[in-house]
Amino acid sequence: MLRFIKSLTTSPSSHIVRRGYASEAVPERKVTVLGAAGGIGQPLSLLMKLNPLVSNLALYDIANTPGVAADVSHINTRSEVVGYASDAELGKALEGADVVIIPAGVPRKPGMTRDDLFNINAGIVKGLCEAIAKHCPNALVNMISNPVNSTVPIAAEVFKKAGTYDPKRLFGVTTLDVVRAKTFYAGKAMVPVAEVNVPVVGGHAGITILPLFSQATPKANLSDEVITALTKRTQDGGTEVVEAKAGKGSATLSMAYAGAIFADACLKGLNGVPDVIECSFVQSTVTELPFFASRVRLGKNGVEEVLGLGPLSDFEKEGLEKLKPELKSSIEKGIKFATQ
Ligand SMILES: NC(=O)C1=CN([C@@H]2O[C@H](COP(=O)(O)OP(=O)(O)OC[C@H]3O[C@@H](n4cnc5c(N)ncnc54)[C@H](O)[C@@H]3O)[C@@H](O)[C@H]2O)C=CC1
Ligand SMILES: O=C([O-])CC(=O)C(=O)O
């Protein structure tokens with residue numbers, strides 16, 4: 001175990017850390033990143049180190065952890081950083097975690113679909129989730145590893161088998177789809193990007209990603225052609241980056257940003273901040289599919305409420321029906337893998 005302790009002003013009796021950045025007491029929260037030394041893992045670890053809601057940051061990877069943990073640990077923010085470098089240390093990395101973020105696994109190369117990652121990543125995710133069930137069954141799990149449409153159902157089955165499954169605590173991270181939809185919409189609608197809100201529902205692969213531009217705010221009068229193009233660009237956003245990186249992986253920096261936003265929302269929910277809402281791929285009754293991404297209200301136990309789709313345009317209704325067979329088959333593939 002690689003331990004890097006930052007000096008903190010802690011109250012020994014109450015597990016409360018008081019710092020200059022907030023007037024109120026901020027509870028201690030441990031965040032564990034699995035795959036912390038990867039393309040996403042490194043910048044995500046940096047961003048979590050910058051988050052004042054985190055008191056303990058556990059960085060786990062099967063390769064290159066010591067350098068990343070040493071590097072991140074020198075940043076003069078609240079959290080204590082500990083690196084865990086081997087399978088034998090995974091349990092310690094997870095013990096006491098409030099939020100576990102999983103960007104462990106291989107990324108796409110040009111010409112591949114996210115589903116092409118299934119054979120390698122399904123096994124990685126299954127192993128990590130077995131360890132989560134054993135060492136921190138109450139943690140909120142933020143699944144980034146692709147194909148998210150299958151890895152989330154795999155995680156659910158692993159937790160069910162271990163008797164620890166709580167649908168309120170399992171999240172597929174689809175925040176990057178929202179981040180992209182906001183950016184692309186702002187560019188076309190000529191509105192300040194920081195003010196934009198766009199729900200993105202469905203799943204996290206190709207046509208299963210369904211941005212609801214009819215609900216985008218601030219409102220703008222965009223033509224059907226522009227909406228179609230914006231929808232396609234959001235759906236193909238991952239592929240756009242994979243092609244631009246030309247064999248050197250997929251989105252890492254924008255994903256780290258998106259992952260940090262989602263983890264921050266989970267921490268705020270845990271801390272009792274009201275009205276924390278993000279889109280996420282969760283167990284759902286919004287459609288007939290058992291898992292579906294939609295807006296979710298986060299609270300002290302994870303998912304507080306899965307919000308409905310709201311009114312859809314005809315184009316979005318059509319997109320919703322089109323995505324269901326693919327999403328259904330990816331979910332079933334994950335369940336089959338985990339239950340066999
Ligand atoms: N949900 C989303 O929106 C997005 C998901 N992704 C996915 O995130 C995953 C990671 O992508 P990158 O960081 O670019 O890949 P990367 O290859 O740069 O990093 C992956 C890291 O995982 C580690 N790893 C592998 N097996 C592990 C295990 N059993 N335990 C712990 N660590 C392990 C590797 O050593 C490596 O450091 C990919 O599956 C990618 O498709 C990528 C972008 C967006
Ligand atoms: O496209 C990929 O393979 C990575 C990913 O999920 C994304 O960037 O949305």
Side-chain angles (χ1 to χ4, degrees), residues 32-45 58-69 83-91 93-94 100-132 141-152 154 171-181 183 200 202-206 208-209 211 233-245 247-263 278-281 293 330:
T32 301
V33 182
L34 304 179
I40 296 167
Q42 290 199 34
L44 179 57
S45 299
L59 305 183
Y60 173 79
D61 203 301
I62 51 170
N64 304 322
T65 319
V68 175
Y84 300 88
S86 71
D87 201 34
E89 297 183 339
L90 178 55
L94 292 170
V100 179
I101 316 176
I102 315 184
V106 291
R108 282 202 281 166
K109 288 190 187 313
M112 292 171 81
T113 66
R114 290 179 181 82
D115 186 58
D116 292 332
L117 305 172
F118 186 96
N119 288 345
I120 298 178
N121 290 353
I124 293 175
V125 162
K126 185 166 177 271
L128 294 173
C129 288
E130 283 164 355
I132 290 169
V141 175
N142 293 186
M143 182 68 71
I144 292 176
S145 310
N146 271 318
V148 167
N149 292 354
S150 302
T151 52
V152 169
I154 290 172
F171 303 87
V173 181
T174 58
T175 319
L176 182 52
D177 301 318
V178 177
V179 164
R180 287 176 175 140
T183 304
V200 181
H204 179 67
T208 72
I209 299 166
R233 188 164 181 214
T234 306
Q235 292 173 333
D236 293 345
T239 306
E240 186 177 319
V241 179
V242 168
E243 282 168 4
K245 291 201 174 179
K248 295 257 161 45
S250 56
T252 54
L253 304 173
S254 50
M255 181 59 235
Y257 171 74
I261 288 180
F262 191 72
E278 290 291 336
C279 290
S280 180
F281 185 65
S330 299

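Numbering of ligands and ligand atoms starts at 1, following listing order. Quick note: numbers below take in every heavy atom, side chains included, and nothing from hydrogens, waters or symmetry partners. Remember, it's a predicted structure, so these values are computed and weren't measured experimentally.
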TODO: Measure from the side-chain N and O atoms of Ser145 to the backbone N and O of Ala104, and report whether any donor-acceptor pair falls under 3.5 Å.
DONE: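 It does hold such a pair.
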Open item on the list: Between Asn121 (side chain only) and Asn146 (backbone N and O only), is there a donor and an acceptor less than 3.5 Å apart?
Closed with: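 Between the backbone of Asn146 and the side chain of Asn121 there is a qualifying donor-acceptor contact (under 3.5 Å).
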N/O contact list for ligand 1, threshold under 3.5 Å:
unit_1	atom_1	unit_2	atom_2	d
ligand 1	1 (N)	Ile144	O	3.1
ligand 1	1 (N)	Val173	O	3.3
ligand 1	3 (O)	His204	NE2	3.0
ligand 1	6 (N)	Asn146	ND2	3.3
ligand 1	13 (O)	Gly39	N	3.3
ligand 1	13 (O)	Ile40	N	2.9
ligand 1	18 (O)	Gly39	N	2.7
ligand 1	22 (O)	Gly105	N	3.3
ligand 1	35 (O)	Asp61	OD1	2.6
ligand 1	37 (O)	Gly38	N	3.3
ligand 1	37 (O)	Asp61	OD1	3.4
ligand 1	37 (O)	Asp61	OD2	2.7
ligand 1	39 (O)	Val106	O	2.9
ligand 1	39 (O)	Asn121	ND2	3.1
ligand 1	39 (O)	Asn146	N	3.2
ligand 1	41 (O)	Asn146	ND2	2.9

Any protein N/O atoms within less than 3.5 Å of an N/O atom in ligand 2? List the atom names and distances, or say none.
unit_1	atom_1	unit_2	atom_2	d
ligand 2	1 (O)	Arg108	NE	3.4
ligand 2	1 (O)	Arg108	NH2	2.6
ligand 2	1 (O)	Arg114	NH2	3.2
ligand 2	3 (O)	Arg108	NE	2.6
ligand 2	6 (O)	Arg114	NE	2.9
ligand 2	6 (O)	Arg114	NH2	3.4
ligand 2	6 (O)	Asn146	ND2	2.8
ligand 2	6 (O)	His204	NE2	2.6
ligand 2	8 (O)	Arg180	NH1	3.4
ligand 2	8 (O)	Arg180	NH2	2.8
ligand 2	9 (O)	Arg114	NH2	2.9
ligand 2	9 (O)	Arg180	NH1	2.8
ligand 2	9 (O)	His204	NE2	3.2

Task: Pairwise distance SG(Cys279) to CG(Leu176) - rounded to 0.5 angstrom - done: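 Answer rounded to 0.5 Å: 12.5 Å.
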Task: Ile102 side, atom CD1; Leu34 side, atom CG - distance, nearest 0.5 Å - done: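 Taking CD1 in Ile102 and CG in Leu34, the distance rounds to 5.5 Å.
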TODO: Sequence neighbours left out, what passes ring-ring contact (aromatic ring centres under 6.0 Å, His included) with Phe118? Give chain and number order.
DONE: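 Per chain and number, Phe118 pairs via ring-ring contact (aromatic ring centres under 6.0 Å, His included) with Phe337.
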Open item on the list: Around atom CG of Asp236, are there more than 12 heavy atoms from other residues, nucleotides or ligands closer than 6.0 Å?
Closed with: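 Buried by this count: over 12 neighbours within 6.0 Å.
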- [ ] For residues Val200 and Thr174, determine if any side-chain heavy atom of one lies less than 4.5 Å from a side-chain heavy atom of the other.
- [x]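 Val200 vs Thr174: side chains apart.
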Open item on the list: Does anything in residues 102-113 form a side chain to side chain donor-acceptor pair (under 3.5 Å)? List the pairs, not counting sequence neighbours.
Closed with: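 For residues 102-113, and leaving out neighbouring residues, the side chain to side chain donor-acceptor pair (under 3.5 Å) pairs sorted by first residue read Arg108-Thr239, Thr113-Asp116.
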Open item on the list: Quick check: closest heavy atoms across Met143 and Cys129, and the distance to 0.1 Å?
Closed with: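 Reported closest heavy-atom pair: CE-SG, 4.0 Å.
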